[in-house]
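Presented below is the structure to which this report refers.
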Amino acid sequence: MNDVLKVSNVNYIYHTLQNEIEAIKDISFTINKGEFVAIVGPSGCGKTTILSLIAGLLKPTKGSITLDGKNVDTSKIGYMFQKDHLFEWRTIWQNVILGLEIKKEQKNTEKTNNVKSLLEKYGLKDFIKNKPRELSGGMRQRVALIRTLATDPKILLLDEPFSALDYQTRLNVCDDVYKIIKNENKTALLVTHDISEAISLADKVIILSSRPSYVKKIININLNSYGLPFKRREAPEFRELFDEIWREIQYEKKEEGSKN
Amino acid sequence: MKKRKKEVKIDFSISHKQYLKKIKKDKIIILTSQILLLLAIIGLWELFTSVGVLDPFFFSSPSRIVKTLGEFISSGELLTHIGITLYETLLGFVIATFLGTILAILLWWSEKLRKILDPYIVVLNALPKIALGPMIVIWFGIGTTSIVVMCIMICLIITTISMLNSFLACDKDKIQLMKSLGANKFQILFKLILPNAIGDFISVLKINVGMSWVGTIMGEYLSSKAGLGYLIVYGGQVFKLDLVMTATLILCLLAGGMYFIVARIEARFKR
Ligand SMILES: Nc1ncnc2c1ncn2[C@@H]1O[C@H](COP(=O)(O)OP(=O)(O)O)[C@@H](O)[C@H]1O
Ligand SMILES: [Mg+2]
């Protein structure tokens with residue numbers, strides 16, 4: 001078996017004073033090594049919750065999550081958020097080694113050299129002494145990705161990482177991030193409500209129902225031969241895949257509509 | 001590595017040069033007006049008191065202030081009074097800012113503690129601190145200790161509340177990010193929460209500069225044998241308006257100077 005991540009029958013309930021909210025009913029899926037998986041679902045369905053569970057920031061109410069057969073260890077996971085969350089008071093270099101610093105490995109030359117080569121490879125070497133505010137949105141998102149890669153995580157979790165960018169930048173950064181993740185041979189799990197984004201990036205799309213969420217369908221995507229995500233949007237199958245996912249999500253809305 | 005911050009001599013367009021010129025001109029106009037306004041006030045004050053429109057006994061006058069200042073300086077008394085007030089203010093300012101920030105850190109750290117102390121902080125904040133004056137004087141005696149305590153009472157709670165709000169306002173996702181990188185609570189505090197609050201800390205410093213002067217002068221009104229606040233109260237009691245005005249003027253200069261220093265620190269951080 002070469003699955004890196006295994007999510008089995010996970011259920012999660014938020015407790016608040018007023019009531020309890022079942023965010024996730026029952027979710028199971030696996031991700032293989034090197035795979036790029038996308039989760040799509042209406043907003044509020046529990047996508048961020050799933051990532052927090054996988055990252056070990058929340059504990060499942062029921063079910064189990066394993067990474068390489070072991071219980072999740074937060075330090076083995078790379079997390080990327082909607083915003084880049086670069087620290088304005090740190091230089092780019094200080095930002096990218098934040099994770100190493102936290103693990104007290106900032107003096108480990110093997111690791112810092114690795115970070116340096118990542119910065120060099122992805123066109124950020126000249127900016128290491130700059131402050132984040134001096135960089136464009138796309139560059140900042142690349143820096144955020146390298147900060148995540150610096151600690152060499154087993155799996156990358158991306159929570160709508162492009163939704164804060166304007167449309168033009170979004171398409172470019174999407175290609176950039178995809179290239180970096182593939183080049184570095186990383187396994188990735190992306191969460192989004194943008195169906196096109198999911199199809200263009202992923203090898204596999206997991207469709208969630210609305211809250212409390214369960215897996216409605218898992219669709220395999222095979223658009224690798226078309227190249228980078230932006231090109232894949234022009235693939236003939238793209239439309240069909242889009243409709244299929246769209247229908248899955250719409251179908252549920254109709255169901256709900258008839259209930260009321 | 002290439003040096004990125006090369007000084008580039010840019011040849012601006014004519015319209016941009018005009019724009020810069022206008023800004024510069026406005027600046028000069030504002031500065032001259034400010035100076036002229038000050039001179040006008042001093043001049044009119046002197047004029048009105050010398051021709052008898054205003055009675056210098058009640059209103060003093062610039063020339064009498066200068067005279068009083070001269071006597072004070074030559075007798076060496078002035079420096080003693082300034083020194084005492086400045087010392088009390090700075091001590092109160094530093095202790096209050098430090099303690100307030102430490103308290104805010106503790107309250108940030110423990111949600112329990114925060115909830116337990118919440119009503120006390122609310123009441124202490126609402127209380128006019130001058131009401132504590134007699135108590136402070138009885139407990140700490142007449143003199144420096146009481147005055148510094150008064151100063152601390154005035155600045156402490158507001159520092160704690162402002163800093164705590166700043167800590168709690170830190171983006172939840174940034175905290176999640178730190179956790180996902182494996183940070184413990186200490187690392188979250190020192191690498192995220194505190195540096196993130198620097199801007200607010202400087203605003204608190206600015207507020208405390210003003211507040212600590214209020215605290216010290218209030219303290220000196222209540223119980224003192226020396227200091228600028230003492231001079232003002234004393235001068236008022238014996239109807240020596242020259243003394244009152246002179247001390248007030250020095251106070252203006254000192255408070256302004258301290259504010260200026262903090263503003264400079266702020267400018268350095270903003271870069
Ligand atoms: N801390 C929380 N306490 C209570 N309910 C929460 C909390 N966080 C999220 N929820 C609820 O759980 C559901 C799923 O949230 P989330 O995972 O953020 O959705 P998504 O990322 O798909 O938009 C939402 O309906 C939200 O209201
Ligand atoms: Mg979300």
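Numbers restart at 1 for each chain; the letters A, B, ... are given by sequence-line order, proteins then strands.
- Within 6.0 Å of the NZ atom in Lys174(B), the count of heavy atoms belonging to other residues, nucleotides or ligands exceeds 12.
- A 6.0 Å sphere centred on CZ of Phe29(A) holds more than 12 heavy atoms belonging to other residues, nucleotides or ligands.
- Only the backbone of Ile77(A) comes within contact range of chain B, with heavy atoms under 4.5 Å apart.
- In this structure, chain B has a heavy atom under 4.5 Å from the backbone of Leu86(A), while its side chain stays farther away.
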When you look at Arg90(A) and Lys191(B), which way does the side-chain contact (heavy atoms from CB on, under 4.5 Å) test go after all the steps? CA-CA 10 Å; Arg90(A) 286 174 166 245; Lys191(B) 290 189 197 295; 3.9 Å; yes
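- Summarising the local packing, NZ of Lys182(A) is surrounded by more than 12 heavy atoms from other residues, nucleotides or ligands at distances under 6.0 Å.
- For the set Leu100(A), Thr151(A), Leu98(A), the count of heavy-atom pairs under 4.5 angstrom toward chain B peaks at Leu98(A).
- Enclosure of atom CD1 in Ile14(B) is not indicated, since only 12 or fewer non-hydrogen atoms of other residues, nucleotides or ligands lie within 6.0 angstrom.
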May I have the step-by-step check of side-chain contact (heavy atoms from CB on, under 4.5 Å) for Phe81(A) and Gln176(B), ending in yes or no? CA-CA 9 Å; Phe81(A) 298 83; Gln176(B) 292 286 71; 3.7 Å; yes
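- Looking at heavy atoms from C-beta onward, Arg147(A) lies in side-chain contact with Leu177(B) at the 4.5 angstrom threshold.
- Heavy atoms of other residues, nucleotides or ligands lying less than 6.0 angstrom from CG of Asn71(A) number 12 at most.
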Verdict with reasoning, Thr74(A) to Lys179(B), per side-chain contact (heavy atoms from CB on, under 4.5 Å): CA-CA 8 Å; Thr74(A) 304; Lys179(B) 285 185 181 162; 5.5 Å; no
Could you go through Met178(B) and Ile102(A), starting from their C-alpha distance and side-chain angles, then the distance that decides it, and tell me whether this counts as side-chain contact (heavy atoms from CB on, under 4.5 Å)? CA-CA 9 Å; Met178(B) 289 294 284; Ile102(A) 286 168; 3.7 Å; yes
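- Proximity to chain B (any heavy atom under 4.5 Å) is shown, for Thr148(A), by neither the backbone nor the side chain.
- Taking non-hydrogen atoms and a 4.5 Å limit, the residue list of residues 195-215 of chain B in contact with chain A, ordered by number, reads Pro195(B), Asn196(B).
- Residues Leu192(B) and Phe87(A) are in side-chain contact: their nearest non-hydrogen atoms beyond the backbone lie under 4.5 Å apart.
- You'll find the side chain of Asp173(B) stays beyond 4.5 Å of the side chain of Lys83(A), heavy atoms only.
- Counting heavy atoms of neighbouring residues, nucleotides and ligands inside a 6.0 Å radius, atom NZ of Lys62(A) does not exceed 12 of them.
- Around OH of Tyr14(A), the count of heavy atoms belonging to other residues, nucleotides or ligands within 6.0 Å exceeds 12.
- With contacts defined as side-chain heavy-atom distances shorter than 4.5 Å, the pair Gln187(B)/Lys103(A) does not qualify.
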